[in-house]
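Before any comments, here is the structure.
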Number of protein chains: 2
Amino acid sequence: MTGPLILVVDDEEQIRKLLEITLHTSDFSVKAAATAKEAIIMAKTNNPDLILLDIGLPDESGQEVLKKLRQWYTKPIIILSVQSDEENIIKALDNGANDYLVKPFRTGELLARIRSSIRGIIPQSLNTHVFNHELEIDYNLRAVKKNKEIVKLTATEYDLLVLFAKNEGRVLTHQYLLREVWGPGYVNQSQYLRVFIAQLRKKIETEPNQPEYILTESRVGYRFVAKDNF
Amino acid sequence: MTGPLILVVDDEEQIRKLLEITLHTSDFSVKAAATAKEAIIMAKTNNPDLILLDIGLPDESGQEVLKKLRQWYTKPIIILSVQSDEENIIKALDNGANDYLVKPFRTGELLARIRSSIRGIIPQSLNTHVFNHELEIDYNLRAVKKNKEIVKLTATEYDLLVLFAKNEGRVLTHQYLLREVWGPGYVNQSQYLRVFIAQLRKKIETEPNQPEYILTESRVGYRFVAKDNF
DNA sequence: TACTTTTATAAAGATTTTATAAAGATTTTG
DNA sequence: CAAAATCTTTATAAAATCTTTATAAAAGTA
């Protein structure tokens with residue numbers, strides 16, 4: 001069982017090693033990059049759940065890397081930096097960073113901030129989501145129930161459903177779904193999406209050929225709705 | 001024109017005043033509370049878009065307030081505190097805080113952290129457009145409603161309507177519409193436009209053969225208008 | 001008015017997009 | 001390692017949307 005994947009970007013070998021050990025101990029998976037270029041490539045190929053980004057990189061300003069990442073990367077980015085001046089902090093936050101920690105940082109605090117960022121703004125107490133009194137997602141157990149019966153979903157199907165549930169009512173484009181669930185390298189594999197949508201419908205819809213939850217928005221994407229409110 | 005609502009919770013009159021002025025200057029709406037009890041009541045009644053919470057309250061520990069809020073409140077909470085010890089920071093973050101700032105804080109940084117937290121929670125009112133109290137375009141959901149009923153539009157119809165809505169009152173030429181919606185290669189396909197205008201009218205007009213929204217400007221183009229005077 | 005141009009609309013035809021089953025490949029699990 | 005599960009690819013049918021055609025109505029012009 002392996003936890004969320006974190007990409008560590010820092011040019012100092014020592015810090016990379018320290019972070020890798022610390023994060024591993026807290027049950028995170030870790031990938032590391034030493035340069036801006038490497039960072040962007042690794043982010044695209046691994047699609048990490050969070051990025052720890054040092055601002056002082058040798059080849060390019062971390063602020064630039066941040067901007068480039070934010071063109072497509074939607075998950076949390078935490079900046080680590082020796083610079084503690086307000087100007088840099090504001091710039092980083094406005095460039096899309098979720099948090100900014102000044103080096104040397106306290107390990108426990110860093111971990112807590114990582115947990116907070118990954119958790120998002122959904123409180124821990126809200127760990128289950130019920131739609132139309134019949135479809136239930138339990139985020140703690142990673143389980144889905146339809147009319148109290150457990151529905152067995154694969155990891156990918158579950159991720160897809162969670163993404164839908166968290167964006168109820170909103171059209172999610174093919175690109176967006178593919179990038180968030182499969183990773184940025186898959187944005188053109190629309191057929192995957194069709195296959196998995198069909199599988200999901202077969203499992204959660206009462207009548208899969210007349211879906212009430214996952215609606216098709218032809219040429220755009222899909223929309224998850226719960227009747228009561230839409 | 002009023003921005004997102006922020007609830008300031010602090011027992012020191014001076015700090016409340018300072019924050020109120022600072023936040024107002026940055027175009028936020030502000031409510032303030034001085035005690036734990038008051039904070040929870042005001043959060044419930046005003047449902048703010050973000051809460052700034054001082055940990056050192058007179059009647060109850062801020063950590064407790066935080067826990068209570070997080071039982072139902074899902075938007076960002078930023079902690080302000082004179083305590084800079086790691087233990088308190090970790091506790092607050094794990095209790096559901098999104099950020100933790102040590103007092104005295106730098107105003108610019110606080111504002112940047114607020115912007116960062118609030119980003120993504122764009123209030124619905126900011127990206128929905130209502131005409132004549134009956135035709136509604138929700139850009140966030142990519143949905144159109146007529147008298148609260150969802151109107152199903154194809155991708156092209158939606159793009160066309162959005163273009164009209166964003167240019168309310170202005171005549172848009174055939175050329176312009178064709179170029180913007182279909183692309184530069186289609187500027188001579190006026191018949192497309194006629195077909196799609198007819199379809200759009202059928203879907204959004206009360207009486208499609210006597211349109212009130214999409215008016216024909218013969219030999220020039222079309223004009224989208226909203227009376228909005230009742 | 002008579003004639004031409006432009007617009008509206010329905011409906012048929014063509015194309016694109018989507019749904020689904022099922023086979024093959026790969027990964028995970030026991 | 002073998003079996004099971006899952007992912008990926010392929011093929012084909014069905015549905016939705018776009019495009020074209022035809023015709024009537026409206027608007028503009030001589």
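Here is the naming used below: chain letters follow the sequence lines, and residue numbers restart at 1 for every chain. Heavy atoms only: backbone and side chains are in, while hydrogens, waters and symmetry mates are out.
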Measure from [atom1] on [X] to [atom2] on [N] and round the result to the nearest Å.
X      : N      : atom1 : atom2 : answer
A/D159 : D/dC7  : CG    : C1'   : 14 Å
A/E157 : D/dA5  : CD    : P     : 13 Å
B/L200 : D/dC18 : CG    : C1'   : 15 Å
A/N188 : D/dT8  : CG    : C1'   : 16 Å
A/Q189 : C/dT18 : CD    : P     : 15 Å
B/L160 : D/dC18 : CG    : P     : 11 Å
A/Y222 : D/dA16 : OH    : P     : 12 Å

List, one per line, each side-chain donor-acceptor pair under 3.5 Å for residues 182-198 of chain A, sequence neighbours excluded.
residue	atom	partner	partner atom	Å
A/Q191	OE1	A/R194	NH1	2.9

Return no unless some side-chain N or O of [X] is found under 4.0 Å from OP1 or OP2 of [N].
X      : N      : answer
A/K152 : D/dA4  : no
A/T154 : D/dC7  : yes
B/W182 : D/dT19 : yes
B/H174 : C/dT6  : no
A/T156 : D/dT6  : no
B/Y186 : D/dC18 : no

Of all residues at least two apart in sequence or in a different chain, which pass the side-chain contact (heavy atoms from CB on, under 4.5 Å) check with [X]?
X      : result
A/D59  : A/T35, A/A36, A/K37, A/L57
B/R219 : none
B/D159 : B/R142, B/V181

Can you name the ring-ring contact (aromatic ring centres under 6.0 Å, His included) partners of [X], sequence neighbours left out?
X      : value
B/Y158 : none
A/Y222 : A/H174
A/F164 : none

Fill in the blank from the handout: Secondary structure of DNA chain D per the Watson-Crick/G-U criterion (both distances under 3.5 Å; [ ] crossing, | other strand, . unpaired) is ||||||||||||||||||||||||||||||
[X] (side chain) donor-acceptor with [Y] (main chain) under 3.5 angstrom:
X      : Y      : result
B/D49  : B/L5   : yes
B/K146 : B/I204 : yes
A/R201 : A/I214 : yes
A/K202 : A/P208 : no
A/D11  : A/A34  : no
B/N147 : B/E149 : no

Problem - Row check, A/Y139 ring normal vs A/K166 NZ/CZ: under 6.0 Å, within 45° - result: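 Verdict for A/Y139: a cation-pi partner in A/K166.
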Practice task
Working to the nearest 0.5 Å, report the span between CD of A/Q63 and CD1 of A/I55.
Solution key: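 One gets 4.0 Å once the value is rounded to the nearest 0.5 Å.
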Practice task
Enter the distance from A/I51:CD1 to A/K75:NZ here, rounded to the nearest 0.5 Å.
Solution key: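 A/I51 CD1 to A/K75 NZ: 9.5 Å, rounded to 0.5 Å.
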Completion exercise
Per-nt protein contacts along nucleotides 23-30 of chain C (heavy atom under 4.0 Å; B base, S backbone sugar-phosphate only, - none) come out as --------
Practice task
Classify every nucleotide of nucleotides 23-30 of chain D by which part a protein heavy atom approaches to under 4.0 Å, writing B for the base, S for the sugar-phosphate alone and - for neither, in 5'-to-3' order.
Solution key: ----SS--
Exercise for the section: Residues of residues 190-199 of chain A with any non-hydrogen atom less than 4.0 angstrom from an atom of DNA chain C: list those, numerically ordered, please. Expected result: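 By residue number: A/Q191, A/R194, A/V195.
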Problem - Within residues 201-211 of chain A: residues closer than 4.0 Å to DNA chain C (heavy atoms) - result: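 Nucleic-acid contacts, sorted: A/R201, A/K202, A/N209.
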Handout entry: Aromatic ring pairing A/Y213/A/F131, orientation class (parallel under 30°, perpendicular over 60°, tilted between)
Key =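 Correct class here is perpendicular.
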